[in-house]
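The block underneath contains the structure these notes are about, expressed in structure tokens.
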Number of protein chains: 2
Amino acid sequence: MDRKQEILEVATELVQTHGYSAFSYHDLSERLGITKASIHHHFAGKADLGFAVAEKCLQDIAAALTASKQSSNDPWKQIEGYFAIVSSDIRSQERICPAGSTQADINVVPEPMAEKMIELVQYIVSWLSDIIKDGRDQGVMTFPGTPREQAELIFSAAQGAMQYGRANGEKRGLSVLKQIKATLKPKR
Amino acid sequence: MDRKQEILEVATELVQTHGYSAFSYHDLSERLGITKASIHHHFAGKADLGFAVAEKCLQDIAAALTASKQSSNDPWKQIEGYFAIVSSDIRSQERICPAGSTQADINVVPEPMAEKMIELVQYIVSWLSDIIKDGRDQGVMTFPGTPREQAELIFSAAQGAMQYGRANGEKRGLSVLKQIKATLKPKR
DNA sequence: GATTGTCTACCTTCTAGTAGATAGACTATC
DNA sequence: GATAGTCTATCTACTAGAAGGTAGACAATC
């Protein structure tokens, strides 16, 4: 039972660092010190494992974002929960958002996994949208267009920031993240 | 000689649609109607082909952006050259920026190709930076921080928009692009 | 006659996935 | 409490196919 979680965690890491198509059962088996066949015992095929990774990511992020929203009434503190996750991925210099990795590989990833990841993306966009709507209503955030449109921009920019940061250095990635926040701040 | 260009074009397309690691010499040979061995005659190995793709992309984008900059003195018209390329990739619903595809796959792609792609990224960021600096000086664009920081944000957001658009539909991708422009516009 | 572009036929390595065996832990029954 | 059956997690050993790549032959062209 523990093993299954262990496999899932390493697989998630590999999806974030190398992408779905570029990691193998062999890689997993070496990392975990068990044989490929044992992994097949827990996850029948790579597609099943990929789907499980997507499900786990959705659950984890939903839990983290829900907690962050409930922890305060200040939209800036709420949204910081998302930025903190992005920031830690950038700081790792290896991981990018699994959704980003999957979006980039969308033509290669098995359908059910891709669908779950899109669900994850939509979850984040809705969550962001709610918060910046409050922020605008309270006069502490400014942006053009609808909250959803701006939420999609923030999400896209954050995805890009993680990839940019991994390729060009932590400092540059964090700079983009800072700039996203600056763009939201009122009275320029 | 023509063949070499032909291979390069199809390879570029495959990098954009499937990513470097997820396309094969076999795929290429089927698309082109020649054998794998013939492709090896033109490009000794996959890494060489990948590097050539990156070089071609850099040349193409540099030519397009230079032309766009020279075509006008209006920063909004100049920057539209970049947005038009992003927009056409989004509209294709298949292609994303090759640099984005490579950034997402950075741990998998051969070093020289990755370096060329980073060169390409830096080229675009510098180009954007110059234009929005002019835009701000002329009072037709507004943004917080330095031009470079804002250029990195625009680039990251555009990368994200292409990936978001491919996974969630052309309409959503174009909406993000619109929002990037809106954010740059003064007097909100 | 050398060069260029293509072919067929092959090699090696890696891939996901399968078959079948084994050892240990739980669970019912005698 | 011993016995028999079942379940779980693992193993070794294998398969078929795809991957990148090579060797050498054959025409056509310059």
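First the proteins, then the strands, lettered A, B, ... as listed; each starts at 1.
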Without decimals, in angstroms, what is the distance between [X] [atom1] and [N] [atom2]?
{"X": "A/H26", "N": "C/dT13", "atom1": "NE2", "atom2": "P", "result": "13 Å"}
{"X": "B/H40", "N": "C/dC11", "atom1": "NE2", "atom2": "P", "result": "17 Å"}
{"X": "A/I39", "N": "C/dT18", "atom1": "CD1", "atom2": "C1'", "result": "15 Å"}
{"X": "B/Y25", "N": "C/dC7", "atom1": "OH", "atom2": "P", "result": "15 Å"}
{"X": "B/H18", "N": "D/dA18", "atom1": "NE2", "atom2": "P", "result": "16 Å"}
{"X": "B/L28", "N": "D/dA19", "atom1": "CG", "atom2": "C1'", "result": "13 Å"}
{"X": "A/I34", "N": "C/dT22", "atom1": "CD1", "atom2": "P", "result": "21 Å"}
{"X": "A/E30", "N": "C/dT15", "atom1": "CD", "atom2": "C1'", "result": "14 Å"}

Nearest heavy-atom pair of B/C97 and B/Q159: which atoms, and what distance?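 Between these two residues, the closest heavy atoms are SG-NE2, 3.4 Å.
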
- prompt: Hey, does B/F43 reach any base, or is it just sugar-phosphate, or nothing, if we go heavy atoms under 4.0 Å?
  reply: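 No contact at all - B/F43 keeps every heavy atom at 4.0 Å or more from the nucleic acid.
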
Practice problem: Check every strand shown and say whether A/S24 touches a base, only sugar-phosphate, or nothing at a heavy-atom separation below 4.0 Å. | Solution: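 Sugar-phosphate, backbone atoms only, no base.
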
query: Does some side-chain heavy atom of A/L184 sit less than 4.5 Å from a side-chain heavy atom of A/I79?
result: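 In short, these two side chains touch, coming nearer than 4.5 Å.
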
So, does [X] get its side chain near the phosphate of [N], meaning an N or O under 4.0 Å from OP1 or OP2?
{"X": "A/R3", "N": "D/dA9", "result": "no"}
{"X": "B/T35", "N": "C/dT6", "result": "no"}
{"X": "B/H41", "N": "C/dG5", "result": "yes"}
{"X": "B/H42", "N": "C/dT4", "result": "no"}

For this session: Answer yes or no: side-chain N or O of A/K36 and base N or O of C/dA16 forming a donor-acceptor pair under 3.5 Å.
Result: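 In this structure, the two groups form a donor-acceptor pair.
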
| message | Pick the closest DNA chain C nucleotide for B/S38 and for A/S21 by heavy atoms, then say which residue is nearer the 5' end. | response |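 Its nearest nucleotide lies further toward 5', so the answer is B/S38.
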
Subject >> A/R31/A/D27 salt bridge by N-O under 4.0 Å criterion >> reply: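 No salt bridge links A/D27 with A/R31.
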
- [ ] Check whether the side chains of A/Q163 and B/Q163 place a donor and an acceptor atom closer than 3.5 Å, and report yes or no.
- [x]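 Yes, a side-chain donor-acceptor pair sits under 3.5 Å.
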
Can you confirm whether the side chains of A/N107 and B/E94 place a donor and an acceptor under 3.5 Å from each other?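 Not at all, the side chains of A/N107 and B/E94 share no donor-acceptor pair under 3.5 Å.
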
(Q) Of the options C/dG17, C/dA19, D/dG20, whose atoms approach the side-chain atoms of A/A37 most closely? (A)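 Among the listed nucleotides, the one closest to the side chain of A/A37 is C/dA19.
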
